[in-house]
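What follows is one structure encoded as structure tokens, with my remarks underneath.
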Amino acid sequence: MKYYSTNHNTPDVSLETAVTQGLAADRGLFMPERINPLPESFFHEIGSMNFQEISFEVAKKFFGEDISDQILKKIVFDTLSFDTPLVNVNDHIYALELFHGPTSAFKDVGARFMARLLSHFLGKEKKMVHVLVATSGDTGSAVANGFLGVPGIHVHVLYPKGKVSEIQEKQFTTLGQNISALEIDGTFDDCQALVKSAFMDEVLKKKITITSANSINVARFLPQAFYYFNAWAKLEDKSRKVVFSVPSGNFGNLTAGLFAKRMGLPVSKFIAANNLNNIVFKYLQTGVYTPRPSISTIANAMDVGDPSNFARILDLYHNNHQAIVNDIVGTTYSDDQIRETLLSVYKTTGYLLDPHGAVGFRALNELLVKGETGIFLETAHPAKFTDTVEQVVGIGNVPMPEKLQAFMKGEKLSTEFPAKYESFRMYLDELE
Ligand SMILES: *Cc1c(COP(=O)(O)O)cnc(C)c1O
């Protein structure tokens, strides 16, 4: 399978190049040249398949031409060492719980898959590959933990100082080994800009091999299609229309859902659920896309002012605004509305949302109509945002899973940098 750039200004590349390079040479994002549909028989059997089996069938449609079934199966099965349960919250609304992986956020799926795929492609190569990753919170931990101890790879996590939760920070600053943390005096957008500058730095790229593990990497975002199928498989009543509500930041998750639909998953609509960083919401309403600096909110993993995967959505729909709004509706909520939803759902159902999931739930609660089943992506465990969630539901009401407790015991190791490329460049110059 060939991969083309959303900017259409550079030759198509192989999967291996797309994965190791991350971003296309013309700064576009890679897209697979085809989206292969799954056969009807798959949808008949899906109810009796487990997450790993379903995902392997989906993975073959993306990667089957480039990787042998045997290796691909191992990568998929190793990646998905946990399930994504579908939990009924009220009436026809379900949480697709994506937080049962090692760092308790959905990004574990893509990050673990990418680490294994990259390591497969590196094979016997001697040269060190440097993975540069900008994070607004959860990407850093998922990527760091997904790559921890993988030979031939060094991960450099750039995160905005003071803008991630303590548990998020601990998850990527305490690991040591092949993981380094850079604390940037700026916003997430600054971190993302530093990483992008490094990829445009031809002199640097002659010296060291760098790749990205942000959701711009096809090896991270395509596997996110797996759990949309798993959700549908678990639905008891498959005759109702299904709406997926996706708490969105960089829109990797939602884009993966659109791919799942193109592969034949019967989804009637997607909701792009935003916090106050509502650039895409405004686009859906007006047809005009205007990036803005990000605003800090309590759903901080969605504080993105210029969502990178939006280019993929435009490409998928050939820039046709009408076609996009036929499939995607938008919502946008303030911090107060997020808190209010968290509290009322907790009080009325006992279900504890995290601030991101709360955005997804609220959108369904407002927009779902008769005959529809709503599934929102519960993208992180509430204990990753203990401070915020406890302020809403009361101290002591947010149990912390054991695997998160273990991270809290580690010692933070990170280096501070200003949000200037010259400083980051000096750091990169020291690498081999
Ligand atoms: C990353 C993240 C999001 C946003 O996902 P995108 O794919 O970037 O849209 C939402 N919630 C949580 C908890 C996240 O970590």
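In listed order, ligands and their atoms are each counted from 1. Given the structure is predicted, the values throughout are model-derived calculations rather than measurements.
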The answer, listing residues by chain and number that come under 4.0 Å of ligand 1 through any heavy atom, is F106, K107, D138, P247, S248, G249, N250, F251, G252, N253, A301, M302, H356, T379, A380
Given the rule in the side-chain contact (heavy atoms from CB on, under 4.5 Å) test, do L254 and I328 qualify, once you have shown the distances and angles that lead to the verdict?
CA-CA 9 Å; L254 194 133; I328 311 173; 3.9 Å; yes
Knowing that exactly one of N277, D189, N278 qualifies, which makes a side chain to side chain donor-acceptor pair (under 3.5 Å) with R292?
N278
Which residue, Q171, Q168, H356, forms the side chain to side chain donor-acceptor pair (under 3.5 Å) with K384?
Q171
Qualifying residue for ring pair (Phe, Tyr, Trp, His ring centres under 6.0 Å) with F63, from F113, F121, F56
F113
Is the NZ or CZ atom of R240 positioned over Y94's six-membered ring, under 6.0 angstrom from the centre and within 45° of the axis?
no
Non-neighbouring partners of E65 that pass salt bridge (Lys or Arg N to Asp or Glu O under 4.0 Å), sequence neighbours left out:
R34
